[in-house]
Participant: 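I have a structure I would like to understand better, so I am pasting it below and will then ask my questions one at a time.
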Amino acid sequence: MVGVTKILRCQFTHFFRKNPAQRVTGRIPAYIPEQTPDSPSHHPLPHHFRTVYPEFLPDPRPEWRNQLREKLERKDMLTRRSVMEIPEFYVGSIMAVTVGDPNASDKTNRFVGICIKRGGTGLRAWFILRNVIDHQGLEILYEMYSPLLHSIEVLRLEKRLDDELLYLRDALPEYSTFPLDMEPEVLPEGSPVPVNDIKVKLKPRPWHERWERKNLQGVQDLGLPEKFYKKAKLHEKPWEKYDLMKEYRATIPEEEQADIFQEISPYYQQMEAARRRSKRRHTQATR
């Protein structure tokens, strides 16, 4: 045991003689990986990439994770985008979707509505459009990368104050009514996406959900008795915003996001060019 101690002491003495800068702290410097041509810093992506293309990030739940399947799905998604333009849109945008319908006269069906929710990841990404036609509320869920989709158009690009607009089911019909022949409204190139701060008025109860228990920003005063708000206070969970483990389980780590965006970065210019072509075509159509 004494001999082993002498050998280790000699090794450390030899190291500090060759590295005099380490004599003060006695610590080995941390490993710094070398920058390679394929590193993310050589292919920077804009900060809004995560919000424009959120479906490229996988589902954070472990039971839905499979890295090989996710990689193959991203290739299929990029191939699909090279065939059909999938524009930038958000919850609150007015959209028109044309799908193949063998029962229609021209074998296609076009629906116009407001996006009230979007979700899913990969090839399972989806969004819901809502419109009121003949005093009847209609909602259609579309799979974003379905081969049945012929085109996706954004007639009015905007955001709302809430992440979901499911409360439009209990709102007055005028908030969900849009003409089927609505013309596209084009934003100037480079302008930010506008935020519509409209306050929706809900119809009297009963509702589909207890909206007083949700922190809704785009809804007028519900006008309920005080007892409803007292019960809503009992269901609040203000501590969740400090729950780091819940946030970790609901998000993809930044390192993994960087790897995914690095894989997509060679196709980003092509995707942006398709988005600009779509805007120019709409501009020429509205002139």
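Every heavy atom of this structure was used, including side-chain atoms; hydrogens, water molecules and symmetry mates were not.
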Participant: By side-chain hydrogen bond (donor to acceptor under 3.5 Å, both in side chains), which residues pair with His135, not counting sequence neighbours?
Facilitator: none
Participant: Give a yes or no on whether the backbone of Arg69 and the side-chain of Asn66 come within a donor-acceptor separation of less than 3.5 Å.
Facilitator: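 Yes: the side chain of Asn66 pairs with the backbone of Arg69.
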Participant: What are the two closest heavy atoms between Leu187 and Ser191, and how far apart are they?
Facilitator: CB-OG, 3.6 Å
Participant: Might you point out which heavy atoms bring Glu158 and Val193 nearest each other, and give the distance in Å?
Facilitator: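 Minimum heavy-atom contact is CA-CG1, 3.9 Å.
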Participant: Begin from the C-alpha positions of Lys75 and Glu263 and carry the test salt bridge (charged side-chain N to carboxylate O under 4.0 Å, His left out) through to its verdict.
Facilitator: CA-CA 10 Å; Lys75 290 185 177 180; Glu263 177 186 340; over 6 Å; no
Participant: Which of these, Arg80, Glu55, Arg124, Glu73, sits in a side chain to side chain donor-acceptor pair (under 3.5 Å) with Tyr145?
Facilitator: Glu55
Participant: Hey, could you give me the OG1/CG distance between Thr177 and Leu168, rounded to the nearest 0.5 Å?
Facilitator: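 Between Thr177 OG1 and Leu168 CG, I get 10.0 Å after rounding to 0.5 Å.
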Participant: I need the minimum non-hydrogen distance between Leu149 and Ile152, along with the two atoms involved.
Facilitator: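 In this case the closest contact between Leu149 and Ile152 is CD2-CD1, 3.6 Å.
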Participant: Looking only at heavy atoms, which two atoms of Gly113 and Asn131 are closest? And how far apart?
Facilitator: CA-CB, 4.1 Å
Participant: Measure the spacing between CG of Leu234 and CZ of Arg213 and express it to the nearest 0.5 Å.
Facilitator: 8.5 Å
Participant: When Phe127 is tested against each of Phe111, Tyr142, Tyr90 for ring-ring contact (aromatic ring centres under 6.0 Å, His included), which residue passes?
Facilitator: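 Of Phe111, Tyr142, Tyr90, ring-ring contact (aromatic ring centres under 6.0 Å, His included) with Phe127 is met by Tyr142 alone.
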Participant: Begin with the C-alpha distance, continue with both residues' side-chain angles, and end with the deciding distance and a verdict on side chain to side chain contact (heavy atoms under 4.5 Å, CB included) for Tyr268 and Phe261.
Facilitator: CA-CA 9 Å; Tyr268 178 74; Phe261 295 142; over 6 Å; no
Participant: Would you say the side chain of Leu129 lies within less than 4.5 Å of the side chain of Val97, judging by non-hydrogen atoms?
Facilitator: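 A side-chain contact exists here, since the closest heavy-atom pair is under 4.5 Å.
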Participant: How long is the straight-line distance from NZ of Lys203 back to CZ of Arg169, given to the nearest 0.5 Å?
Facilitator: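 It is 12.5 Å, given to the nearest 0.5 Å.
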Participant: Between Ala96 and Leu155, which heavy-atom pair has the shortest distance, and what is it?
Facilitator: CB-CD1, 4.1 Å
Participant: NZ of Lys231 to CG of Leu224: how many Å apart, nearest 0.5 Å?
Facilitator: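 These two atoms lie 11.5 Å from each other.
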Participant: Has the side chain of Ser146 got a donor or acceptor atom that lies under 3.5 Å from a matching backbone atom of Glu143?
Facilitator: no
Participant: Do Pro58 and Arg65 make a side-chain contact, defined as non-hydrogen atoms from C-beta onward lying under 4.5 Å apart?
Facilitator: yes
Participant: Quick check: is Leu141 connected to Val132 through a chain of hydrophobic side chains (ILVMFWY, heavy atoms under 4.5 Å apart)?
Facilitator: no
Participant: Can you find a heavy atom in the side chain of Arg74 that is under 4.5 Å from one in the side chain of Ile264?
Facilitator: yes
Participant: Side chain to side chain contact (heavy atoms under 4.5 Å, CB included) between Leu161 and Val195: does it pass, once the steps are laid out?
Facilitator: CA-CA 7 Å; Leu161 299 177; Val195 179; 4.0 Å; yes
Participant: Backbone N or O of Gly218 within a donor-acceptor pair of the Asp162 side chain at under 3.5 Å?
Facilitator: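 Flag set: sc Asp162 to bb Gly218 pair under 3.5 Å.
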Participant: Is there a donor-acceptor contact under 3.5 Å linking the side chains of Asp259 and Gln257?
Facilitator: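 Gln257 and Asp259 do not have a side-chain donor-acceptor pair below 3.5 Å.
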Participant: As an exercise, state the distance from CZ of Arg156 to CG of Asn196, rounded to the nearest 0.5 Å.
Facilitator: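 Between atom CZ of Arg156 and atom CG of Asn196 there are 7.5 Å.
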Participant: Tell me the closest heavy-atom pair linking Val154 and Glu88, and the distance in Å.
Facilitator: CG2-O, 3.5 Å
Participant: Starting at CD1 of Ile116, measure out to CG of Leu166 and round the result to the nearest 0.5 Å.
Facilitator: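 Between Ile116 CD1 and Leu166 CG, I get 5.0 Å after rounding to 0.5 Å.
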Participant: Could you state whether Leu78 and Tyr53 fall into the same hydrophobic cluster, counting links through intermediate Ile, Leu, Val, Met, Phe, Trp or Tyr residues with side-chain heavy atoms under 4.5 angstrom apart?
Facilitator: yes
Participant: Run Tyr248 and Asp243 through side chain to side chain contact (heavy atoms under 4.5 Å, CB included) and show every step you take.
Facilitator: CA-CA 9 Å; Tyr248 175 79; Asp243 192 344; over 6 Å; no
Participant: Check for me, please, whether Trp126 and Leu148 land in the same ILVMFWY cluster - side-chain distances under 4.5 Å, paths through other members count.
Facilitator: no
Participant: Taking the side chain as everything from C-beta on, heavy atoms only, tell me whether Leu157 gets closer than 4.5 Å to Glu185.
Facilitator: no
Participant: Indicate yes or no for a side-chain donor-acceptor contact from Lys159 to the backbone of Ser93 under 3.5 Å, with no hydrogens or angles considered.
Facilitator: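 No.
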Participant: Quick one, Cys115 with Lys117, criterion side chain to side chain contact (heavy atoms under 4.5 Å, CB included). Give me CA distance, side-chain angles, the key distance, then yes/no.
Facilitator: CA-CA 6 Å; Cys115 180; Lys117 189 176 181 179; over 6 Å; no
Participant: For the side chain of Arg249 and the backbone of Pro60, is there at least one donor-acceptor N/O pair under 3.5 Å apart?
Facilitator: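 Side chain of Arg249 to backbone of Pro60: no pair is present.
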Participant: Does Tyr175 reach the side chain of Leu165, with side-chain heavy atoms less than 4.5 Å apart?
Facilitator: no
Participant: Given 3.5 Å as the limit, does a donor-acceptor pair link the side chain of Asp59 with the main chain of Thr121, or not?
Facilitator: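 Looks like no, no N/O pair under 3.5 Å.
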Participant: Using a 3.5 Å distance criterion without hydrogens, assess whether the side chain of Lys107 forms a donor-acceptor pair with backbone atoms of Pro102.
Facilitator: yes
Participant: Could you walk me through whether Lys246 and Glu240 satisfy the salt bridge (charged side-chain N to carboxylate O under 4.0 Å, His left out) test, starting with their C-alpha distance in whole Å, then the side-chain angles of each, then the deciding distance to 0.1 Å, before giving a yes or no?
Facilitator: CA-CA 8 Å; Lys246 180 181 179 181; Glu240 286 189 349; 2.6 Å; yes
Participant: Check side-chain hydrogen bond (donor to acceptor under 3.5 Å, both in side chains) between Asp170 and all other residues, then give those that pass, not counting sequence neighbours.
Facilitator: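 In terms of side-chain hydrogen bond (donor to acceptor under 3.5 Å, both in side chains), with neighbours along the sequence ignored, Asp170 is linked to His208, Trp211.
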Participant: Looking at Ala250, is its backbone amide N or carbonyl O close enough to the side chain of Arg61 to form a donor-acceptor pair, meaning the two atoms are under 3.5 Å apart?
Facilitator: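 Side chain of Arg61 to backbone of Ala250, a donor-acceptor pair under 3.5 Å: no, none is there.
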Participant: Against the six-membered ring of Phe89, is Arg118 placed for a cation-pi contact (under 6.0 Å from the centre, within 45° of the normal)?
Facilitator: yes
Participant: Can you find a heavy atom in the side chain of Met77 that is under 4.5 Å from one in the side chain of Leu123?
Facilitator: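 Yes. Closest side-chain heavy atoms under 4.5 Å.
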Participant: Looking at side-chain heavy atoms only, is the closest gap between Asn109 and Val99 below 4.5 Å?
Facilitator: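 Asn109 reaches Val99 side chain to side chain.
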Participant: Are Met182 and Ile94 packed together at the side-chain level, in the sense that at least one heavy-atom pair is separated by less than 4.5 angstrom?
Facilitator: yes
Participant: If you apply the rule salt bridge (charged side-chain N to carboxylate O under 4.0 Å, His left out), what do you find for Glu247 with Lys241, and how did you get there?
Facilitator: CA-CA 8 Å; Glu247 181 180 357; Lys241 62 181 179 180; over 6 Å; no
